[in-house]
Amino acid sequence: MPELPEVETVRRGLTALVTGKKIKKIDVYYPKMVLPNETEFVKQLTNRTIQEIERRGKYLIFHFDQDVSMVSHLRMEGKYSVHSHEMPLNKHDHVVFEFTDGTELRYNDTRKFGRMVVVPTGEEYSVAGLKTIGPEPTPATLSLDYLTTTMKKHHKAIKSFLLDQNMIAGLGNIYCDEVLWLAKIHPLQPTNTVPVDKIAILRQKIFDELDLAIRAKGTTVFSYLDASGHAGSFQNQLHVYQRTGQPCERCGTPIERIKVSQRGTHFCPFCQKLVEVDD
DNA sequence: AGGACCTCCTGGATGC
DNA sequence: TGCATCCAGGAGGTCC
């Protein structure tokens, strides 16, 4: 499931592969995937040239000439790849952008959860999801003050808080579990009961972990690959995610798995104790 | 505010 | 072996 590091890896790969290319033709094999509708999507993007690819949280934003942009979310299993026009399509290739140079950008998505929205440049943030997105998790954009203030306002489980893209952008199931283990916070700890010193540690762990993961070109889970078809390697640096029953690297206690916000959640019951706090 | 649950999807795992 | 059923999950939605 691509999260911030994986989407950033895709953005970098695609930037190198398709910047400057002009779209000649678009084939949509699963119309629900493109918005506002297939006709408008194809009309707006045909003959446009890709100028820049941006990322915000887990969203990719393609900027074209003529003030046209496309907001793309990979959701669970979305993948972009670049091939020559002659290469046969793969199963689950749903949208194909054919360029004037004989190559094409293909969007493949087994579960069909991904969506692409074409909008006038400047209106990207009117797209649902981006409209209310929280700060980017970098030292410059996610201040300790914001995090402390916001966390004091919410009573829900810290894992649910971290997963909420309106609170902080970019974290998904894998990195939430990882940063909570790193910061030694129980995933069910009510957000407003996390002590200030722990909040500062958590914030720093988020920055460090995302930096590390981006440097490893993301985590490869199931079928996820980057834009050039290469697998990331960060799965080798995970401490708790999908390690149920294996010993905690710090204390040896078997990692446990529970459900939080409908998500499989992994943690060390010894290192990450639920702290009772009156509030 | 936030939990509980549903929907969208498919393939891999599990059950018998 | 084969068929049925369950499960995973990001985000958006409803209901209470």
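Not measured: the values here are computed from a predicted model. Within every chain, numbering begins at 1; the chains are lettered A, B, ... in the order of the sequence lines, protein sequences first and strands thereafter.
The backbone N or O of A:L163 lies less than 3.5 Å from a partner atom in the side chain of A:Q165, making a donor-acceptor pair.
The side chain of A:K58 lies closest to C:dA11 when the candidates are C:dA11, B:dG11, C:dG9. Of the candidate nucleotides B:dC8, C:dA11, B:dG2, B:dG2 has the atom lying nearest to any side-chain atom of A:H154. Closest to the side chain of A:H92, out of C:dA8, B:dT10, C:dA11, is B:dT10. Minimum atom distance to the side chain of A:N173 is reached by C:dG10, of the listed C:dG10, B:dG3, C:dA8.
As rounded to whole Å, 8 Å separates atom P of B:dA4 from atom CD of A:Q262. Spacing between atom CG of A:D109 and atom C1' of C:dG10 amounts to 11 Å, rounded to whole angstrom units. At whole-Å resolution of the value, NZ in A:K91 and P in B:dT10 are 9 Å apart. Taking atom CZ of residue A:R111 and atom P of nucleotide C:dA11, one finds them 15 Å apart after rounding to whole Å.
Within 3.5 Å, no donor on the side chain of A:R75 pairs with an acceptor on the base of C:dG9, nor the reverse.
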DNA chain B in dot-bracket, Watson-Crick or G-U pairs under 3.5 Å, [ ] crossing, | other strand? .|||||||||||||||
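The aromatic ring of A:F113 does not sit over the base of C:dG9; the criterion of centres under 5.5 Å apart with planes under 30° is not met.
Of the two residues near DNA chain B, A:A157 and A:R115, the one whose nearest nucleotide lies more 5' is A:A157.
Annotation: proximity of residues 144-153 of chain A to DNA chain B (heavy atom, distance under 4.0 Å) is found for no residue. Against DNA chain C, the stretch residues 124-132 of chain A makes heavy-atom approaches under 4.0 Å through A:A128, A:G129.
Among the protein residues, A:F161 comes within range of no part of the nucleic acid, since none of its heavy atoms lies under 4.0 Å from any strand.
For A:Y29 and A:H94, the ring centers are positioned 6.0 Å apart or more.
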